[in-house]
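So the structure is just underneath, and the comments pick up after that.
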Amino acid sequence: MLLTQQVVLNSRPGKNGEPTPEHFRLEETSLVSDLNDGEVIVRTLYLSVDPYMRCRLNEDSGSDYLAPWQLSECLDGGGIGVVETSHCSTCSEGDVVTSFNWPWQTHAIMKGSGLQKVDLQLTDGHLSYFLGAVGMPGLTALLGVREKGHVTKGANQTMVVSGAAGACGSLAGQIGRLDGCVRVVGICGSDEKCKVLVEDLSFSAAINYRKEDVSAQLKKSCPDGIDVYFDNVGGAISDTVLAQMNKGSHVILCGQISQYNKDVPYPPPLSEKTQEILQSQNITRERFLVLDYMNKSEAALFELSQMIKSSQIKVLETVVNGIENMGVAFCSMMKGSNIGKQIVKISE
């Protein structure tokens, strides 16, 4: 028998509730060491917490591709770990593997067919990057900008990114600049984040929405209007950005985190005023779902790797230690306390 710790769903916050660490519960359980053919025992190294998980706390996730988490059952999400025992022909002991459906456990029995072996050279040994910059957030940033942003070198374009200091936004802004935007402006929630965006990530400017007049600061930072908007937050901030977008501009509708604790459909409905702006300015605003572009993922991940290795892109992470802090890390991320990708380190 192998003892393992796991995080289960203790209770639901309700569709209009704010999640707290008390909604998560740590338990100890044991794993049967006798494996079936095709199974492996993995030791978890890192786990991911992400905004999309908020909908999984509800009885109905509101999504056809995300199942709701079940009460008193082990939670799951993006994870990476090492194979310790294998009864699978495609996984060997010592392999570092990842999955989008990794159980929140210190050790787990998994089917080898559901695991993807990672190429350690892609991240120069930074294993947590496979859950961030060279994982789903990185893919979302790169393919979002490329597929929906219509960035053109030499076109004197201005990009605005909301949630700009988060896992996806911090990468999207840098990619927009590399792809040709002459001005990239980030919107975030603290002076510390603003400083990081401008000084470390080379954003042209950053706006603290908690302290500053977003509309006035956008006019100052984007004198020629806004051509591309990478929208991670929705709500009042996005309404303010949309009001200053140029004719024929483009919205990359990636996330709406400001609305996730509210009982509204996704994407949330826009006000009549904002809808009129979209129509009169001929602004394209189509939902972006990275899972629709997974045929381009291998090439995109390699490109992200090269951008990081050449220092064209800088990676930001906030790391919390211990599986007992999964709920704390999730709730902290939902309140925007993280800078860059929120990671939980489970073991060495």
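Worth saying up front: this structure is predicted, and the values here are computed from it rather than measured.
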Flag side-chain contact, heavy atom, 4.5 Å: R177 against S204 | no

So, the side chain of N156 versus the backbone of V182: is there a donor-acceptor pair under 3.5 Å, distance only?
-> no

Test: D239 and K273 ion pair at under 4.0 Å = no

For T29 and E27, test the side chains for any donor-to-acceptor distance below 3.5 angstrom and give the result as yes or no.
-> no

Okay, side chain of Q342, backbone of T318: is any donor-acceptor separation there less than 3.5 Å?
-> yes

Side-chain donor/acceptor of S221 to backbone N/O of L218, under 3.5 Å | no

Indicate yes or no for a side-chain donor-acceptor contact from H87 to the backbone of L35 under 3.5 Å, with no hydrogens or angles considered.
-> yes

So which heavy atom on V151 is nearest to which on V228, and how close?
-> CG2-CG2, 4.2 Å

Less than 4.0 Å between a side-chain N and a carboxylate O, is that true for E212 and K220?
-> no

Hydrophobic cluster identity match, L301 and Y293, side-chain contacts under 4.5 Å = yes

Shared hydrophobic cluster for L45 and I343 (ILVMFWY, side-chain gaps under 4.5 Å) = yes

Side chains of T44 and T106: donor-acceptor distance under 3.5 Å anywhere?
-> no

Group every Ile, Leu, Val, Met, Phe, Trp and Tyr by side-chain heavy-atom contacts under 4.5 Å, then state whether L26 and F24 land in the same group.
-> yes

Is there a donor in the side chain of E192 and an acceptor in the side chain of S190, or the other way round, less than 3.5 Å apart?
-> no

Does some side-chain heavy atom of D179 sit less than 4.5 Å from a side-chain heavy atom of R146?
-> yes

Scan Q244, M159, R183 and name whichever one has a side-chain contact (heavy atoms from CB on, under 4.5 Å) with I226.
-> Q244

Atom CD1 of I283 and atom CG of N246: how far apart are they, to the nearest 0.5 Å?
-> 8.5 Å

Under the side chain to side chain contact (heavy atoms under 4.5 Å, CB included) rule, what do M245 and V251 come out as? Steps first, then yes or no, please.
-> CA-CA 9 Å; M245 293 190 73; V251 177; 3.8 Å; yes

Which heavy atom of V145 sits nearest a heavy atom of A172, and at what distance?
-> CG2-O, 4.0 Å

Check: D231/Q256 side-chain N/O donor and acceptor closer than 3.5 Å = yes

If you count the non-hydrogen atoms of other residues, nucleotides and ligands that lie under 6.0 Å from CD in Q312, is the total more than 12?
-> yes

Between C222 and V160, does a side chain to side chain contact (heavy atoms under 4.5 Å, CB included) hold up when you go through it step by step?
-> CA-CA 9 Å; C222 310; V160 170; 3.9 Å; yes

Taking C-beta and beyond as the side chain, do L316 and L201 meet within less than 4.5 Å on heavy atoms?
-> yes

For atom CD of Q116, is the number of surrounding heavy atoms from other residues, nucleotides or ligands below 6.0 Å larger than 12?
-> no

When rounded to the nearest 0.5 angstrom, what distance separates NZ in K247 from OG in S280?
-> 6.0 Å

Side chains of I257 and M334 in contact at under 4.5 Å (non-hydrogen atoms) | yes

Evaluate the criterion side chain to side chain contact (heavy atoms under 4.5 Å, CB included) for residue pair V344 and W104; output intermediate values, then yes/no.
-> CA-CA 10 Å; V344 182; W104 287 12; over 6 Å; no

Looking only at non-hydrogen atoms, find the nearest pair between L71 and S11 and report the distance.
-> CD2-CA, 3.7 Å

Donor-acceptor contact below 3.5 Å, side chain K153 vs main chain L178 | yes

Salt bridge check: are D213 and K219 linked by an N-O gap of less than 4.0 Å?
-> no

Within a strict 4.5 Å, meaning less than it, do heavy atoms of the E147 and D292 side chains meet?
-> no

Between K335 and E18, is any pair of side-chain heavy atoms under 4.5 Å apart?
-> yes

Examine the side chains of Y229 and S238 and answer whether a donor and an acceptor come within less than 3.5 Å of each other.
-> yes

Would you mind checking if K195 and D200 are paired as a salt bridge, meaning a charged N to carboxylate O distance below 4.0 Å?
-> no

What about the rings of F203 and F230, do their centers lie closer together than 6.0 Å?
-> no

Begin from the C-alpha positions of V49 and N338 and carry the test side chain to side chain contact (heavy atoms under 4.5 Å, CB included) through to its verdict.
-> CA-CA 11 Å; V49 291; N338 58 301; over 6 Å; no

Heavy-atom side-chain proximity of I80 to V96 below 4.5 angstrom = yes

Any side-chain donor paired with an acceptor under 3.5 Å for K341 and S48?
-> yes

Counting only heavy atoms not in E298, do more than 12 sit closer than 6.0 Å to its CD atom?
-> no

Same cluster (ILVMFWY, side-chain, under 4.5 Å), L75 and L31 = no

Evaluate the side-chain proximity of Q217 to T240: yes if any heavy-atom separation is below 4.5 Å, no if none is.
-> no

Determine, using ring centers only, whether F130 and Y46 are less than 6.0 Å apart.
-> no

Taking all atoms of both residues into account, what is the closest heavy-atom pair of S297 and M294, and its distance?
-> OG-O, 2.8 Å

Reported CZ-to-CD1 distance for the pair R285 and I252, which is rounded to 0.5 angstrom | 12.5 Å

Nearest heavy atoms of K117 and V97, plus distance in Å = CA-CG1, 4.0 Å

What heavy-atom pair brings C91 and S86 nearest, and what distance separates the two atoms?
-> O-OG, 2.5 Å

Please check if V328 and I323 belong to a single hydrophobic cluster, counting links between Ile, Leu, Val, Met, Phe, Trp and Tyr side chain heavy atoms closer than 4.5 Å.
-> no

